[in-house]
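Contents: one structure, followed by commentary.
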Protein chains: 2
Amino acid sequence: MSTQTEGQELASWARMLADATRATVCLALLDGRAWTATELARLAKVSRPTISEHLNLLVDGGLLREVRQGRHRYVQLAGPDTAELIEGLAALAPRRTEVANSLSAVSKRDAFARARTCYDHLAGKLGVALADAMTERGLLDWSDGITLTPEGSAWLDDLGIVLEGRNGRPAVRSCLDVTERRPHIAGAVGAALCSHALREGWVTHIPGGRALKVTGSVREFGLGVGVIRELQP
Amino acid sequence: MSTQTEGQELASWARMLADATRATVCLALLDGRAWTATELARLAKVSRPTISEHLNLLVDGGLLREVRQGRHRYVQLAGPDTAELIEGLAALAPRRTEVANSLSAVSKRDAFARARTCYDHLAGKLGVALADAMTERGLLDWSDGITLTPEGSAWLDDLGIVLEGRNGRPAVRSCLDVTERRPHIAGAVGAALCSHALREGWVTHIPGGRALKVTGSVREFGLGVGVIRELQP
DNA sequence: CCGACAGTTCGGTGCCGGCCTAACCGACCG
DNA sequence: CGGTCGGTTAGGCCGGCACCGAACTGTCGG
């Protein structure tokens with residue numbers, strides 16, 4: 001366990017993200033969807049052979065998981081833990097001041113900050129507000145890590161939410177929000193809440209990104225009207 | 001805020017750690033001390049010109065801070081936040097199964113797991129046990145992030161611990177323990193507790209690493225005898 | 001002053017890795 | 001079956017960068 005061999009491992013791991021193309025891919029994959037190789041090539045503005053090599057590297061490194069279907073190679077983050085890892089890093093990495101000049105860029109960024117998906121759960125002001133509301137109503141217990149209280153479980157039942165097959169995944173996990181810098185809800189419950197909200201139409205995807213449009217129905221989540229107003233343009 | 005430019009930033013940041021030599025340096029610096037360039041060159045087994053370039057890169061990148069004194073160039077982690085970042089990454093990076101074969105390696109690793117410093121605070125079983133004990137006695141409040149309760153502040157006073165000049169640093173912060181995978185206490189309080197324990201001789205450095213020798217006096221921290229016995233060889 | 005020592009600058013070398021084009025394989029589709 | 005399209009393989013190019021030795025700057029101690 002010399003510092004040197006440790007260094008080797010840390011470095012070889014960091015190298016996976018130390019390339020602009022690969023980093024772009026991983027960031028894109030944070031939307032939780034499976035992308036095809038060509039889609040990613042177009043996104044990262046490189047040729048298909050190039051993206052192919054990068055994907056090999058990331059899959060071999062265990063960061064990505066792939067599914068071959070016919071002539072397509074679908075690739076996605078290896079799992080929730082991997083997603084958390086990328087998320088965390090992106091949140092930690094010192095952010096250079098980003099200048100949003102054009103009007104459309106500004107509104108886009110605002111929408112992103114208001115509400116979006118983060119891998120498979122809700123994030124942005126919406127995600128943080130949801131976590132706050134749940135805490136306030138005694139649905140979450142933060143005393144030791146973070147857990148769902150009995151009231152929390154009952155609440156999920158009321159909403160008709162069932163946690164489907166989570167193999168060993170923690171029911172609820174906190175995840176540092178990239179824009180808010182405060183925790184929001186991840187884990188199996190986070191995923192279930194997100195898919196429920198989408199299924200019920202409480203939030204809908206804004207095409208071309210991870211940003212979400214928030215409807216008044218999110219009050220079903222126990223959010224106050226004032227909060228909800230802030231989540232809308 | 002395109003995914004592409006984000007990728008650039010994440011990548012350029014990750015590149016700092018994507019070299020075995022630089023990673024080794026950062027890991028070594030986790031002990032919180034300031035090292036000279038030559039020491040690091042010897043540790044990483046590279047020439048002095050080479051280490052000089054690496055240090056330039058890390059300092060420019062904001063990961064390291066340097067102090068020039070006479071003909072020496074002392075370098076250390078830029079700050080607590082940077083240390084947390086490296087720590088976090090090292091904890092997250094998938095660990096290959098490390099085989100400790102020799103007897104001395106085993107006992108070394110055990111000592112490291114039992115008690116050590118982590119940047120400027122206590123870690124290992126000791127760190128986690130301390131956090132547990134403080135929580136149990138109502139000195140810490142985990143309901144919103146983590147804070148010191150009034151009882152906690154009083155306890156610090158009793159021990160004669162004063163928090164010196166912490167410019168904007170959170171009083172108490174939780175930090176994921178690399179070996180235990182459970183939180184221990186960092187932040188200004190963590191640093192104060194650590195330096196107090198060292199000053200009082202409750203723990204002492206085992207030469208040649210970050211590992212600590214634990215004496216019975218740590219009961220002053222409110223640890224049970226059973227716990228303390230586990231912390232000793 | 002004159003060595004000894006810490007660190008840097010400079011030039012040069014070698015290699016690795018990211019990228020491309022061209023050619024190929026295999027799946028799907030009329 | 002022939003065309004199209006997604007993906008991979010092969011080969012070659014280029015740039016960057018990690019490294020070193022040698023020479024230089026600057027500091028400290030006799």
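What's counted below: heavy atoms across the whole structure, side chains too, no hydrogens, waters or symmetry copies. Residue numbers begin at 1 in each chain, while the letters A, B, ... track the order of the sequences.
- Put simply, A:Thr21 has a side-chain N or O that comes within less than 4.0 Å of OP1 or OP2 on C:dC19.
- Inspection of the A:Thr50 and A:Ser47 side chains reveals an N or O donor paired with an N or O acceptor under 3.5 Å.
- Within the 4.0 angstrom heavy-atom criterion, only backbone atoms of the sugar-phosphate kind lie near B:Arg22; the bases stay farther away.
- Within the nucleic acid shown, B:Arg48 comes within 4.0 Å of at least one base atom, counting heavy atoms only.
- Atom pair B:Leu55:CG and C:dA6:C1' shows a separation of 13 Å (rounding to whole Å applied).
- Closest approach of A:Met16 and A:Leu63 over heavy atoms only: CE-CD1, 4.1 Å.
- Rounding to whole angstrom units, OH of residue B:Tyr74 and C1' of D:dT27 are separated by 13 Å.
- For A:Glu53, whose side chain is taken as the heavy atoms from C-beta onward, the closest listed nucleotide among D:dG6, C:dC19, C:dT8 is C:dC19.
- Contact check, A:Ser52 against D:dG7: no side-chain N or O comes under 4.0 Å of OP1 or OP2.
- For the pair B:Arg68 CZ and D:dC28 C1', the interatomic distance rounds to 17 Å; values are reported in whole Å.
- With D:dC19, C:dT21, C:dC28 as the candidates, the nucleotide lying closest to the side chain of A:Pro49 is C:dT21.
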Steps toward side chain to side chain contact (heavy atoms under 4.5 Å, CB included) verdict (B:His184, B:Leu130): CA-CA 7 Å; B:His184 58 233; B:Leu130 178 57; over 6 Å; no
What verdict does the side chain to side chain contact (heavy atoms under 4.5 Å, CB included) test give for A:Asp31 and A:Tyr119, after you've listed the backbone C-alpha separation in whole Å, the side-chain angles of each residue and the deciding distance to 0.1 Å? CA-CA 5 Å; A:Asp31 71 354; A:Tyr119 187 55; over 6 Å; no
Residues B:Leu198, B:His205; criterion side chain to side chain contact (heavy atoms under 4.5 Å, CB included); working and verdict: CA-CA 8 Å; B:Leu198 281 165; B:His205 264 290; 4.1 Å; yes
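- Between A:Arg73 and D:dG6 there is no side-chain N or O to OP1 or OP2 distance below 4.0 Å.
- Between D:dA18 and B:Arg15, no contact under 4.0 Å exists linking OP1 or OP2 to a side-chain N or O.
- Side-chain rings of A:Phe221 and A:Trp202 approach one another, their centers coming within less than 6.0 Å.
- Taking 4.5 Å as the limit, every side-chain heavy atom of A:Val162 sits out of range of all side-chain heavy atoms of A:Leu156.
- Picking from C:dC20, C:dG7, D:dA18 the nucleotide with the shortest atom distance to the side chain of B:His72 gives C:dG7.
- For DNA chain D, the residues of residues 33-47 of chain A within the heavy-atom distance limit of 4.0 Å (strictly under) are A:Thr36, A:Ala37, A:Thr38, sorted by number.
- Regarding B:Leu57, its CG atom lies at a distance of 16 Å from the C1' atom of C:dT8, rounded to whole Å.
- Regarding contacts with the backbone of C:dC19, a side-chain N or O of A:His54 is found under 4.0 angstrom from either OP1 or OP2.
- To the nearest angstrom, P of D:dT9 lies 15 Å from CD1 of A:Ile51.
- If you take CG of A:Leu17 and P of C:dG17, they are 16 Å apart, rounded to a whole angstrom.
- When distances are taken from the side chain of A:Arg71 to each of D:dG7, C:dA27, D:dG26, the shortest belongs to C:dA27.
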